[in-house]
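Report on the structure given below.
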Amino acid sequence: MVTATHETSHRIFQDHPEVLAPVFKALGLPPPVKADVEPLTPDATELKPLERRVDTVLKVEPSTGNGFLLAVEAQTRKAPDKGVNWAYYVSYLYAKFGLPVLLIAVCRNRSTAAWATGPFACRVGPWETQVTRPFVLGPDTVPRISDESDVARQPAMATLSAIVHSESEDIQAILELLARGMRAFDKPTALYWSELLEVGLEDTPARETWRELEKMVVTFFPGRGTVFEEAFLDGQAEGQAAGLAEGQAAGLAEGQAKGVLRILEVRGIPLSDEVREHITGCTDLARLDDWLDRAGTVDRAEDLFNETPAATQETPTPE
């Protein structure tokens, strides 16, 4: 079953190929020097009735040396048929592209990681025709992030490390370090990496821990149910429900104002009585929409009242 953890564990290689250098180091492999990295189709289907798909396939062309393919598989549990599937992926990709293949399995569970190392052999008696030996990124091979500066220098590796160690006993300390390290980012960068990590931690106790630590940003991942998206959508839902119930703009304005306050509260932004009264007393829908959009990014609640051009245009209240 494809899960958020599954998707994040391999997509990070597609979206952030800079993670390859520390990953190769963790695996004891020489990292490709000044390589061009190109995502390839993960489709390994030959006949339509039997669809096979590798999670992520990258073509790596180093500035010196020979090119190769990197096939990345996210594996959250043992699967009896995976050894056969992985052997097929390697053979198919080698035949299709004419390049040697490195197979990497990303596992957050120690027993799954130990199983994924193989070897997976095609054997008749003592004779072996083909043997598949994946490289495994797991709790015993991926180093824990132990320095805040590492988060700023290698955010992709820091995020991958936290996902791989999400079932470790010291995951709370790891996440606290990541949260402190992300304070060095500009706001859009912090928004992106904090939510990517939340998506990757999926429905685990570690995800709830991270949700408490990351209350500083807004959503980059619509539809994933992150803490910021929930606050934003709650505000919108309250506004729509109030508008329908009252049948007039005043009800919608009240709900929008509640949404603004909810986002500020979730982010831990202090709210004075004067600020609350200013927000709840506003009936201009354009201004409230502007505040709702900016509630996830302002540093102080008072900054909402620095008007943007769009918010200065009054919206007439319908009769």
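This structure is a prediction, so every number in the text was calculated from the model and none was measured. The analysis underlying the following values was restricted to heavy atoms, covering all of them including side chains, and did not include hydrogens, waters or symmetry mates.
- Looking at heavy atoms from C-beta onward, L175 lies in side-chain contact with L201 at the 4.5 angstrom threshold.
- Between W86 and W115, the ring planes are tilted. Angles from 30° to 60° get that label.
- Under the 4.5 Å side-chain criterion, counting only non-hydrogen atoms from C-beta, V72 is not in contact with D55.
- Counting only heavy atoms from C-beta outward, the side chains of P139 and R108 never approach each other to under 4.5 Å.
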Candidate pair L288 and T283, rule side-chain contact (heavy atoms from CB on, under 4.5 Å), full reasoning: CA-CA 8 Å; L288 285 166; T283 58; over 6 Å; no

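- With S194 contributing its side chain and A190 its backbone, the two residues share a donor-acceptor pair below 3.5 Å.
- Contact of the E73 side chain with the L103 side chain is registered, since non-hydrogen atoms from C-beta on lie closer than 4.5 Å.
- Note that the CG atom of L99 and the CD atom of E61 stand 6.5 Å from one another [nearest 0.5 Å].
- Taking hydrophobic clusters as Ile, Leu, Val, Met, Phe, Trp and Tyr residues chained together by side-chain heavy-atom distances below 4.5 Å, V164 shares a cluster with W193.
- For the atom pair CD1 (I145) and CZ (R153), the distance works out to 8.5 Å, reported to the nearest 0.5 Å.
- Summarising the geometry, atom OG1 belonging to T209 is positioned 12.0 Å from atom CZ belonging to R207; distances are rounded to the nearest 0.5 Å.
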Would D290 and R287 satisfy salt bridge (Lys or Arg N to Asp or Glu O under 4.0 Å), going step by step from the backbone distance to the final call? CA-CA 5 Å; D290 176 67; R287 181 170 285 109; over 6 Å; no

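- Summarising the geometry of A206 relative to S166, their closest heavy-atom pair is CB-O, 3.8 Å, with the distance given to 0.1 Å.
- In the model, S91 has a side-chain atom that pairs as donor or acceptor with a side-chain atom of Q130 under 3.5 Å.
- For the pair V151/F185, a side-chain contact is recorded, criterion being any heavy-atom separation below 4.5 Å from C-beta on.
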Starting from the C-alpha separation in whole Å, work towards a yes-or-no answer on side-chain contact (heavy atoms from CB on, under 4.5 Å) for V60 and L69. CA-CA 6 Å; V60 181; L69 301 183; over 6 Å; no

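- Taken together through direct or relayed side-chain contacts under 4.5 Å among Ile, Leu, Val, Met, Phe, Trp and Tyr, F120 and Y92 form part of one hydrophobic cluster.
- We find that R300 and D303 are joined by a salt bridge, their nearest charged nitrogen and carboxylate oxygen being less than 4.0 Å apart.
- Between A257 and I279 the shortest heavy-atom distance is CB-O, 3.6 Å.
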Take T280 and L261 through the side-chain contact (heavy atoms from CB on, under 4.5 Å) test and state the conclusion after the steps. CA-CA 9 Å; T280 56; L261 293 174; 3.6 Å; yes

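- Without hydrogens or angle criteria, S272 side chain to V275 main chain gives a donor-acceptor distance under 3.5 Å.
- Cluster annotation: L102 and V136 are assigned to distinct hydrophobic clusters (Ile/Leu/Val/Met/Phe/Trp/Tyr, side-chain heavy-atom contacts under 4.5 Å, transitive).
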Verify side-chain contact (heavy atoms from CB on, under 4.5 Å) between L304 and N306, making sure each step is shown before the conclusion. CA-CA 6 Å; L304 286 176; N306 297 330; over 6 Å; no

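- Summarising the geometry of P143 relative to M157, their closest heavy-atom pair is CD-CE, 4.3 Å, with the distance given to 0.1 Å.
- Between I269 and V298, the shortest heavy-atom contact is CD1-O, 4.1 Å.
- Aromatic ring orientation, H278 versus W291: tilted (interplanar angle from 30° to 60°).
- Distance alone, capped at 3.5 Å, places no donor-acceptor pair between the W210 side chain and the P205 backbone.
- Taking SG of C107 as the reference point, atom CD of Q75 lies at 6.0 Å (rounded to 0.5 Å).
- No side-chain heavy atom of V101 sits under 4.5 Å from any side-chain heavy atom of F68.
- N66 CG: 12 or fewer foreign heavy atoms inside a 6.0 Å radius.
- Here the CD1-NE2 distance, from I171 to H165, works out to 8.5 Å after rounding to the nearest 0.5 Å.
- Around the CD atom of Q172, the shell of radius 6.0 Å holds no more than 12 heavy atoms that belong to other residues, nucleotides or ligands.
- Considering only heavy atoms from C-beta on, L70 comes within 4.5 Å of L20 through its side chain.
- Contact detail for P134 and T132: the closest heavy-atom pair is CD-O, 3.6 Å.
- The pair R276-E274 does not meet the salt-bridge criterion, since no charged nitrogen lies less than 4.0 angstrom from a carboxylate oxygen.
- The side-chain contact (heavy atoms from CB on, under 4.5 Å) with V106 is formed by just one residue from the set V142, I163, L137; it is L137.
- Under the 4.5 Å side-chain heavy-atom criterion for Ile, Leu, Val, Met, Phe, Trp and Tyr, V131 and Y88 are members of distinct hydrophobic clusters.
- When all heavy atoms of N109 and T112 are compared, the closest pair comes out as OD1-N, 3.1 Å.
- Look at E167 and R110 and you find no salt bridge, because none of the NZ, NE, NH1 or NH2 atoms lies under 4.0 Å from a carboxylate O.
- Residue L191 holds its CG atom at 12.5 Å from CG of L196, rounded to the nearest 0.5 Å.
- Contact of the P155 side chain with the Y192 side chain is not registered, since no non-hydrogen atoms from C-beta on lie closer than 4.5 Å.
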